[in-house]
Amino acid sequence: VLAHAVGAALWLHHAAARPAPDRRVDRVLLVAPPGQEWHEANVREFEPAPVDVVGVRQAAAYTRLVTSDNDPTRSVAEARALAEQLDVDWDVIPGAGQITAESGYGRWPSVLDWIRQPTAQLKPASQLR
């Protein structure tokens, strides 16, 4: 599962519901989930996302978080705290904003590498050119 921004928050809600073992996935990449201070008028009832380490472990065999050092929706400190609370691997991509196509992450070959090998390093788009 690859979940970006609000999709990552939605995945955390799914995990907190503690899905049945037959619904468990192999791995999840949470990309730029919004932080506690983020609010959007059109997005209601699933913010803030729950932080449930047991649910995350039940929902996926492996979960990884990737954020940027200048994401306008989540600070590095918030991202570090989330990674620690969920006890998941965490990558920080320098200068990637919210890690969108507009910030150079439409095609991101290192994510394909991660799909093939979950320990693959997620490289900044600037290293891909």
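The first residue in the sequence is number 1, and the count goes up from there.
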Qualifying residues under salt bridge (Lys or Arg N to Asp or Glu O under 4.0 Å), relative to R57, sequence neighbours excluded: D87
Connected-component partners of W90 among ILVMFWY, side-chain separation under 4.5 Å: V1, W11, L12, V25, V28, L30, V51, V56, L65, V76, L82, L86, V88, V92
Side chain to side chain contact (heavy atoms under 4.5 Å, CB included) against P21, all qualifying residues, sequence neighbours excluded: none
Any side-chain heavy-atom pair of D69 and I93 under 4.5 Å: no
Shared-cluster residues of V53, by chain and number - hydrophobic side chains joined below 4.5 Å: V54
Within-4.5 Å side-chain heavy-atom neighbours: V111 and L29: yes
Non-hydrogen atoms of S103 and A96 that approach each other most closely: OG-O, 2.9 Å
Under the side-chain hydrogen bond (donor to acceptor under 3.5 Å, both in side chains) test, residues paired with N70 that sit two or more places apart: S68
Inter-residue atom distance W108.CH2 - W114.CH2, 0.5 Å rounding: 10.5 Å
Inter- and intrachain pairs under salt bridge (charged side-chain N to carboxylate O under 4.0 Å, His left out), touching residues 89-101, at least two apart: R64-D91
Contact check, side chains of S110 and Q121, non-hydrogen atoms, under 4.5 Å: no
R18: partners by side-chain hydrogen bond (donor to acceptor under 3.5 Å, both in side chains), with sequence neighbours left out: D52
Min side-chain heavy-atom separation R27-P118 under 4.5 Å: yes
Heavy-atom closest contact (P33 atom, T73 atom, distance): O-OG1, 4.4 Å
Candidate pair T119 and Q117, rule side-chain hydrogen bond (donor to acceptor under 3.5 Å, both in side chains), full reasoning: CA-CA 6 Å; T119 59; Q117 178 52 254; 3.1 Å; yes
Closest approach of P50 to A16 (non-hydrogen atoms, all atoms of both residues): CG-CB, 3.5 Å
Non-neighbouring partners of T63 that pass side-chain hydrogen bond (donor to acceptor under 3.5 Å, both in side chains), sequence neighbours left out: none
Listed once per pair and sorted, the salt bridge (charged side-chain N to carboxylate O under 4.0 Å, His left out) pairs that draw on residues 97-106, sequence neighbours left out: none
For D113, salt bridge (Lys or Arg N to Asp or Glu O under 4.0 Å) partners two or more places apart: R116
Side-chain (R24) to main-chain (A59) donor-acceptor, under 3.5 angstrom: no
From Q58 atom CD to R23 atom CZ, the distance as rounded to the nearest 0.5 Å: 13.0 Å
All ring pair (Phe, Tyr, Trp, His ring centres under 6.0 Å) counterparts of H4, not counting sequence neighbours: none
